[in-house]
Amino acid sequence: MPGTHRLNAIPLVERDYQLRLLEVAVDSCRSGAGGLVVVEGRFGTGKTSLLRAAREHACAAGLTVLRARGSEFEGTYPYGVVRQLFEPYLGSVPAGVRAAAVAGPAAPAAPLFDHRHPVAYGELPRRQHEAILRGLHWMLVNMSRHNAVLLLLDDLHLADAASLRFLRYVEDRLNGHPVLCVAATAPVDCGADSDISHALRGSAAGRSVPVDVLSEKAVGEVLGTVLDAEPGAELAAAARSVTGGNPCLLGELVGELHRHPGPEAPWEPGLVARAAPLQVARAVHRWVGHVPQEHREAARRLTDALAVVDGGAGYGELADVTGLTPREVGEAVGMLTDMGIVAPRLPPRFAHPLVRNAVYAHMSHASRYRVHSGAAQALTRRGAAAETIAGHLLHLPPTRGGRPAAVPAADAAAGAPPARRAFAALLDGASAAEVGRLAEEALRHGPRCPEADDDALAPALIALCLFCCGRLPEAAALLDDAVRRAEALGLVPASRDLRALRAFVQLGRGMLAEADTDATAALSDADRDDATVLGRSFAVYALTDVLLLRGQTGAAAAAFARHGAPGGPAHHTLSLPLTAARGRLRLAQGDTAAGALDLLRVHELLAERGVRSPAFDPGVRAVQALAALGRADEARALAGERLLAARAFGEPRTLACALAARAAVLSGDASLALLAEAAEHIEGTHAVVDRCAILGRLGAGLRAAGRTAEARRALGEAVEAADSAGLTSLGRPARRELSAMGVRVRRAARTGAAGLTPREHRVSLLAVEGRTNRQIAGILFVTVKTVEWHLSQAYRKLGIAGRRELGAALAGDR
């Protein structure tokens, strides 16, 4: 989890009891008294650190240590955790040792690790599943005859069902053998079989090691170690208060105060109370991502809402603010309370002030404005005091009258210069932080929505700046507001241009259906022969790339032939996306030389015009093509140049793509290291398409290097991202890599409720509740046409004729 690495920098305090239990268990294992030990605690309480301590003690005692971690990405792969445990061992020992491990009664387990003849687990009869479990048990026994064995399993709650059944099978059979399993779990069930997970945690055969938060005295000890001085009671109390004694949060607090000490002394209690570490916000979003799928969207909305209302709202008001039902709010609160994110009291609020500070400080501006606006409207409907409502309105952008806006879509001060300043800074190569600051200034003082057709430029430029700075949801939200306003006023050219740019933004987010709808609408009445039309080139690029990502190369070629040949000069700045789209199309068609030429031409024309920003330069996409053409020197030079520019720009998505391009001109460990760094940078961003592509390349490289467990994780994530977004052209090669490893890849469901995308499912549920298309559009901050598209897709997948059959279809497919 994000932030957990900071536990390495602070001491393990107030864990003597837990450490002693683990040491005794390890020592007993050496004497033949194996068994199961479950380390249970909420997120961030240091379970992983205890497993690390157990590993160090076991290694010092000479035990064979096997490790694995449960993951939501491997939850659908049978025996994913089992393979993590045993594959590295079986692949590293001599052939004779491996043969002895799978000899005799263990033989039925051998095919599990033979990638040449993969086992079709879902098609096996029950007796063969039982044979595999017995074989795995005897394989452990065989291994323990050679040396005592410690199995370390982190995140048990995310383990796949088959692996959980294996642990359940062997737990009461380990005693009498020198085999110990130590598993860490959180008190929330996200894995494939929660019943077995419950049984393992409550097993009479197992031993429990509970892990709780730190006391104020322990927090003081940690601070004393970090400060090399006595922290004082007031400071220790402040740190305990904001973190609740959670070791992960305490580690992030320490790191934040070291990095950003502020104007006063870094360890003043007041500064401690105001700290808002970015890593905490990221950790919380990661933890919320562990909520079961059916409650995940509600939990995410509730997290944002609680950061804004800060414990001042009950279930009804939170339902109004989030667009959820009171029942959904209650279920989400229960989940987050079990995880330790929300306090177990009413009204709901975060368990730790540091979490609230961090989530609020690092929310996107669009999300923050939206929740403040929803809170203000909910309070108004409930007749709340004016000063309470004003507390939310003050956080919204100003209107022309200088007063706070009632909704985030309200117009700001007239005039476009602020938008142009932000865009000029972007073109001139300013950092993403500076461009983002200027874009925020433009949002405060420039027109957010058009009042005439000529007004579309300002919100379009601001949205493009936000997009290039990696703030994709904010860019989409701004364009949502602008499109709604343009359509309400009947501004057809403005609406067309804004929808074209929104298609480009949604493409980057992996929202292909939305991008397709917007691009098609923008091109329906655009002048094909006018190269200076603002939106047309973005719409052509988006539509072409959507079809390529869906694996429909022929359709992409037809769409480009219809829309992509302007009558104006080919070198016009607004025609550059068309040239880039043609380059992408030619690469997909196998014409590598022509595709590289197009992308390099765009790169050169941007340089001629003094554009220094790497954010939308297609040069990084040309690197791999140049390398494939044997033009290695050009590829290396271009990759190095783009990587330097990306590091200076400082935006994760741009940097990740530049790192991946640089990896294309290297080989072996150097290439893998860059791809791993790229995957790390793009993790947590909203750039779904680029993340999927990078993970796929990383997984393929890891497989070629023989690092199968890591390869399976990366490829599994790539396949999941591809399936959820419909990225057929990226998912197909990742599936082939997994199949080559002997991993049976579950095909994405295309029909029935299981085939619905998250957005289609959400729209369908709102429709079942009786919401109109316009109400659904308002709740989800999309257009009515987007809602209509999602419903039509849902009807097709569910095999129904319309809205009346929707409820029964969803209920019958569960």
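- To the nearest 0.5 Å, atom CG of residue Leu666 and atom CG of residue Leu675 are 9.5 Å apart.
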message: Does Gln624 form a side-chain contact (heavy atoms from CB on, under 4.5 Å) with Arg697? I'd like the steps, not just the answer.
response: CA-CA 12 Å; Gln624 202 165 358; Arg697 284 184 56 194; 3.8 Å; yes
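- Remark: Thr592 OG1 to Leu626 CG distance equals 10.5 Å, nearest 0.5 Å.
- With values rounded to the nearest 0.5 angstrom, Met139 atom CE is found 4.0 Å from Phe113 atom CZ.
- A 4.5 Å side-chain heavy-atom check between Leu715 and Leu698 finds every atom pair outside the cut-off.
- The shortest side-chain heavy-atom distance between Val222 and Leu250 falls under the 4.5 Å cut-off.
- Between Arg165 and Asp160 there is no salt bridge, since no side-chain N of the basic residue sits under 4.0 Å from a carboxylate O of the acidic one.
- For the residue pair Leu156 and Thr185, the shortest heavy atom distance occurs at CB-CB, 3.8 Å.
- Shortest non-hydrogen contact noted between Cys29 and Val149 is SG-O, 3.7 Å.
- The existence of a salt bridge linking Lys47 and Glu40 is excluded, since no basic side-chain nitrogen approaches an acidic carboxylate oxygen closer than 4.0 Å.
- Asp154 contributes no side-chain N or O that, together with a main-chain N or O of Ala68, makes up a donor-acceptor pair within less than 3.5 Å.
- Counting heavy atoms from C-beta on, the side chains of Val665 and Val623 come closer than 4.5 Å.
- In this structure, the side chain of Asp155 does not engage the main chain of His157 through any donor-acceptor pair within 3.5 Å.
- The structure places CZ of Arg732 at 11.5 Å from CG of Leu727, a figure rounded to the nearest 0.5 Å.
- Partners of Arg703 under the salt bridge (Lys or Arg N to Asp or Glu O under 4.0 Å) rule, at least two apart in sequence or in another chain, are Glu737.
- Atom CZ of Arg550 has more than 12 heavy atoms from other residues, nucleotides or ligands within 6.0 Å.
- Gln18 contributes a side-chain N or O that, together with a main-chain N or O of Pro210, makes up a donor-acceptor pair within less than 3.5 Å.
- Between atom CG of residue Leu66 and atom CG of residue Leu140 there is a gap of 7.5 Å, rounded to the nearest 0.5 Å.
- Scanning all heavy atoms of the two residues, the minimum distance from Gly70 to Leu153 falls at N-CD1, 4.1 Å.
- Side-chain atoms of Ser163 come within 3.5 Å of backbone N or O of Val81 as a donor-acceptor pair.
- Residue pairs meeting the side-chain hydrogen bond (donor to acceptor under 3.5 Å, both in side chains) criterion with at least one member in residues 661-671, sequence neighbours excluded, do not occur.
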- request: Report the C-alpha distance between Arg735 and Asp723 in whole Å, list the side-chain angles of each, state the deciding distance to 0.1 Å, and finish with yes or no for salt bridge (charged side-chain N to carboxylate O under 4.0 Å, His left out).
  value: CA-CA 11 Å; Arg735 287 177 179 277; Asp723 286 351; 2.6 Å; yes
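- Residues Thr48 and Leu50 have side chains not in contact (no heavy-atom distance under 4.5 Å, counting atoms from C-beta outward).
- At a threshold of 4.5 Å between non-hydrogen side-chain atoms, the residues Glu56 and Cys59 do not count as touching.
- Shown are Arg707, Arg712, Arg713; of these, the side-chain hydrogen bond (donor to acceptor under 3.5 Å, both in side chains) with Glu710 is made only by Arg707.
- Looking at every heavy atom in both residues, Asn142 comes nearest to Ala101 through ND2-O, 3.1 Å.
- Considering only heavy atoms from C-beta on, Arg83 comes within 4.5 Å of Val743 through its side chain.
- Evaluation of the side-chain contact (heavy atoms from CB on, under 4.5 Å) rule for Tyr17 yields Leu21 as partners, not counting sequence neighbours.
- Residue Thr708 holds its OG1 atom at 10.0 Å from CD of Gln84, rounded to the nearest 0.5 Å.
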message: Let's go through Val39 and Leu22 carefully: what are the C-alpha distance in whole Å and the side-chain angles of both, what is the deciding distance for side-chain contact (heavy atoms from CB on, under 4.5 Å) to 0.1 Å, and is it a yes or a no?
response: CA-CA 9 Å; Val39 180; Leu22 293 175; 4.3 Å; yes
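- Of all the heavy atoms in Val719 and Gly731, the pair that sits closest is CG2-O, 4.4 Å.
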- prompt: Taking it one step at a time, do Leu730 and Leu549 satisfy side-chain contact (heavy atoms from CB on, under 4.5 Å)?
  reply: CA-CA 7 Å; Leu730 297 179; Leu549 289 169; 4.1 Å; yes
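- With Tyr169 as the aromatic partner, Arg173 meets the cation-pi criteria of under 6.0 angstrom to the ring centre and within 45 degrees of the ring axis.
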message: Does Val26 form a side-chain contact (heavy atoms from CB on, under 4.5 Å) with Leu63? I'd like the steps, not just the answer.
response: CA-CA 9 Å; Val26 170; Leu63 275 71; 4.1 Å; yes
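- Side-chain atoms of Arg691 and His686, non-hydrogen and from C-beta on, never get closer than 4.5 Å to each other.
- Looking at every heavy atom in both residues, Arg42 comes nearest to Gly340 through CD-CA, 3.6 Å.
- Between Arg584 and Leu548 the shortest side-chain heavy-atom distance falls below 4.5 Å.
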message: One pair to check against salt bridge (charged side-chain N to carboxylate O under 4.0 Å, His left out): Arg653 and Glu683. What are the steps and the verdict?
response: CA-CA 9 Å; Arg653 170 180 172 268; Glu683 179 67 31; over 6 Å; no
